[in-house]
Amino acid sequence: MNKRSALVILLVVAAVAVGIGFSRGSGVAKRSVLVLMLDTLRADHLGTYGYQRDTSPVLDTFAKENVKFSYAVTAAPWTPPSVASMFTGVYPATHGWMPPNRRDEVKQMAVKLDQNLTTLAETFKANGYSTAAVSPNPWITEEFGYQQGFDTFTFSARAPAEEIVKIGTAKIDQLAGEGKPFFVYLHFLDPHDPYTPPGEYKTAFTGEVPGRSYPPKELQRMNLYDGEIKYMDNQIGKLFAHLKDEGLYDDLTIIVVADHGEQFMEHGQHGHGHQLFNEEVHVPLLVKSPKIDAGRVIDVTASTVDIFPTALDAAGIASPQGLPGVSLMNDTALEARAGVFTEIEKDFRQKAFTTPDGVKLIRQTNPNESDVVLGVFDFRKDPLEKSSIKDQEVVATLSNELSEANRYALEGRLEGSETARAQMKDSTIEQLKTLGYLQ
């Protein structure tokens, strides 16, 4: 099956199931698009999302001058499935790329993003765009299929933000000089464990976190985590300054998003890819585009699957019908959607459904295949998710919505593709181990 046929089948199934499409196809001149993916950045560690530490002056200003989404949730709380959902516009249950966290298991399974799925970069390329990506994360590489649609894909293992900005600005300058619209994806890894902020950023934060209480060990880790964020924020400021100096900034659409957050034992875990509580799934989402009014704060729940149609909409390219994501520039579509879906199958098997107004149900499948509702939480009233809603009517309604969302996603899944198989290199395994993966 070729890409075109596979995509048609997937979208027809999704369109029938969802019953609506959200393409806005503006017909205006195509604009260049830059996506900044900030690995492991939980939203509530940025000033613009209420953090009391000065971790993010650049991003705070960017949020104030552009559009901020108060409650964006990731499709999955760790990198491979989350970025795959951004690149394909579908949930993990559809694209099927949720690798296990065990070395022997991952070497025996399909370990590439299926090439029958048409990616965002491929869509841009088909519409006459130049495309480029830079990644320091050993999951986001050609080895795992993420290069699809990119004219150039640069992998620089564990590169800090300074290097990503250096490579990225060179790519952008080159593409801008060619006179064609471009789509560029820059992946920043700095807040990811192990936390090793450089120089002065290592001691930028000490002592207690205002308004929060953590054990000494977690507080020490969090101080370094925040140092990483401040360092990355500073480097992003240099990127923005360069774009302004080159006269590229004003007409450029910039989407700033994270793939997932980070837990510091708030719900019994450290790191990410474990559970679907806010510290792992609530991510920053900021959008700058000449097509939308600046200075807005949008409180309707958004998802990382919305990156795909939003990037196309901003560029003036019609989005495929039937995708679960909607353009973040379409208020009506955001509000009309029943909700968004999040899932993880790694240490735990959990799925969640979140309504447009931020009420989330989390359901876990236990080893004996029994399902249990872990809780229903209202983001606006209880962002730390300490008190579950007990209303059984609400629980039943959201449980049904979750089951339906999961069923729709599974109906579009591509199965049996031998093209998705690959042999993981030993060097890749070692790189992933340094990030705490593949135990």
Side-chain angles (χ1 to χ4, degrees), residues 38-65 68-74 77 190-195 197 200-234 236-237 256-272 274-286 297-302 342 352 354 357-360 362 374-389:
L38 313 182
D39 204 312
T40 320
L41 180 59
R42 54 188 280 178
D44 67 351
H45 274 242
L46 299 182
T48 186
Y49 287 93
Y51 202 41
Q52 294 187 48
R53 283 179 163 178
D54 185 28
T55 57
S56 52
V58 172
L59 290 176
D60 294 347
T61 299
F62 183 84
K64 185 177 181 179
E65 294 176 347
K68 179 179 77 174
F69 291 82
S70 298
Y71 191 42
V73 295
T74 182
D190 303 273
H192 199 294
D193 187 19
Y195 317 123
E200 64 189 66
Y201 296 98
K202 187 174 295 185
T203 56
F205 300 100
T206 59
E208 301 290 332
V209 177
R212 306 190 189 188
S213 178
Y214 289 93
K217 182 178 179 180
E218 291 305 312
L219 183 59
Q220 182 181 20
R221 298 168 72 97
M222 187 174 289
N223 288 337
L224 293 172
Y225 175 76
D226 287 345
E228 292 275 29
I229 295 171
K230 191 171 182 69
Y231 162 69
M232 178 177 66
D233 181 83
N234 176 268
I236 291 173
V256 179
V257 67
D259 53 349
H260 55 77
E262 186 85 328
Q263 188 178 157
F264 291 90
M265 300 299 292
E266 289 91 345
H267 288 90
Q269 303 291 325
H270 175 79
H272 53 268
H274 303 295
Q275 298 168 304
L276 302 183
F277 294 101
N278 275 343
E279 54 269 14
E280 291 194 49
V281 303
H282 180 206
V283 296
L285 179 55
L286 313 172
V297 176
I298 298 177
D299 293 328
V300 180
T301 302
T342 307
T354 306
D357 58 355
V359 178
K360 179 176 68 181
I362 305 174
L374 297 184
V376 178
F377 306 97
D378 187 334
F379 172 76
R380 296 180 183 180
K381 298 177 180 179
D382 181 25
L384 299 180
E385 297 175 325
K386 298 297 185 181
S387 179
S388 177
I389 294 172

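FYI, side chains are in, hydrogens and waters are out, and symmetry mates aren't considered; it's all heavy atoms of this structure.
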query: Would a 4.5 Å heavy-atom cut-off, applied to side chains only, mark F205 and N223 as touching?
result: yes
task: For side chain to side chain contact (heavy atoms under 4.5 Å, CB included), just list the numbers for D39 and M232, CA-CA rounded to whole Å, side-chain angles, deciding distance to a tenth of an Å, and then say yes or no.
output: CA-CA 11 Å; D39 204 312; M232 178 177 66; over 6 Å; no
- line: Sorted by chain and number, sequence neighbours left out, side chain to side chain contact (heavy atoms under 4.5 Å, CB included) with K64 holds for none
Residues that P216 engages under side chain to side chain contact (heavy atoms under 4.5 Å, CB included), provided they are two or more places apart: none
message: Could you report the tightest heavy-atom contact between H45 and T55, atom names first, then the distance?
response: O-OG1, 2.6 Å
message: My understanding is that only one of M222, E279, K217 makes a side chain to side chain contact (heavy atoms under 4.5 Å, CB included) with F264; could you say which?
response: M222
message: I'd like to check V376 versus K360 (side-chain heavy atoms, cut-off strictly below 4.5 Å). Are they in contact?
response: no
query: Got a donor-acceptor contact below 3.5 angstrom from the K230 side chain to the D54 backbone?
result: yes
task: Using the test side chain to side chain donor-acceptor pair (under 3.5 Å), find all partners of S56 that sit at least two apart in sequence or belong to another chain.
output: D60
message: Could you report the tightest heavy-atom contact between A63 and T48, atom names first, then the distance?
response: CB-OG1, 3.4 Å
message: Run the salt bridge (Lys or Arg N to Asp or Glu O under 4.0 Å) test against K68 and tell me which residues pass, sequence neighbours left out.
response: none
task: Give the C-alpha distance, both sets of side-chain angles, the deciding distance and a yes or no for side chain to side chain contact (heavy atoms under 4.5 Å, CB included) between D193 and R221.
output: CA-CA 9 Å; D193 187 19; R221 298 168 72 97; 3.5 Å; yes
Side chain to side chain donor-acceptor pair (under 3.5 Å) against D190, all qualifying residues, sequence neighbours excluded: none
- request: Identify the two heavy atoms, one from L384 and one from H267, that lie closest to each other, and give their separation to 0.1 Å.
  value: O-CE1, 3.5 Å
- prompt: Listed by chain and number, what are the side chain to side chain contact (heavy atoms under 4.5 Å, CB included) partners of D378, not counting sequence neighbours?
  reply: V359, R380, K381, I389
- prompt: Taking C-beta and beyond as the side chain, do N234 and Y201 meet within less than 4.5 Å on heavy atoms?
  reply: yes
- prompt: Who are the salt bridge (Lys or Arg N to Asp or Glu O under 4.0 Å) partners of D233, not counting sequence neighbours?
  reply: none
- request: List in chain and number order the residues that pass ring-ring contact (aromatic ring centres under 6.0 Å, His included) with F62, two or more places apart in sequence or in another chain; answer none if no residue qualifies.
  value: F240
message: Just verifying a value: how many Å separate H282 NE2 and F277 CZ, rounded to the nearest 0.5 Å?
response: 16.0 Å
query: Closest approach of V281 and Q275, non-hydrogen atoms and distance?
result: CG1-O, 4.3 Å
message: Checking A72 now: which residues fulfil side chain to side chain contact (heavy atoms under 4.5 Å, CB included) with it, not counting sequence neighbours?
response: V283, L285, A302
message: Could you work out, with salt bridge (Lys or Arg N to Asp or Glu O under 4.0 Å) as the rule, every residue matching R212, not counting sequence neighbours?
response: D44
message: Do L41 and P284 make a side-chain contact, defined as non-hydrogen atoms from C-beta onward lying under 4.5 Å apart?
response: yes
Residues forming a side chain to side chain donor-acceptor pair (under 3.5 Å) with E266, sequence neighbours excluded: R42, Y214
message: Looking at every non-hydrogen atom in both residues, tell me the closest pair between P77 and H272 and how far apart they are.
response: O-CB, 3.5 Å
- line: Here the gap from L38 atom CG to L286 atom CG, rounded to the nearest 0.5 Å, amounts to 8.5 Å
- request: Take F377 and N278 through the side chain to side chain contact (heavy atoms under 4.5 Å, CB included) test and state the conclusion after the steps.
  value: CA-CA 10 Å; F377 306 97; N278 275 343; over 6 Å; no
- line: Those residues at least two apart in sequence (or on a different chain) that pass side chain to side chain donor-acceptor pair (under 3.5 Å) with Y195 are E262, H270
message: Any non-hydrogen side-chain atom of Y71 less than 4.5 Å from a side-chain atom of T354?
response: yes
query: Is there side-chain contact between L59 and I229, with at least one heavy-atom pair below 4.5 Å?
result: no
- request: Give a yes or no on whether the backbone of H274 and the side-chain of E280 come within a donor-acceptor separation of less than 3.5 Å.
  value: yes
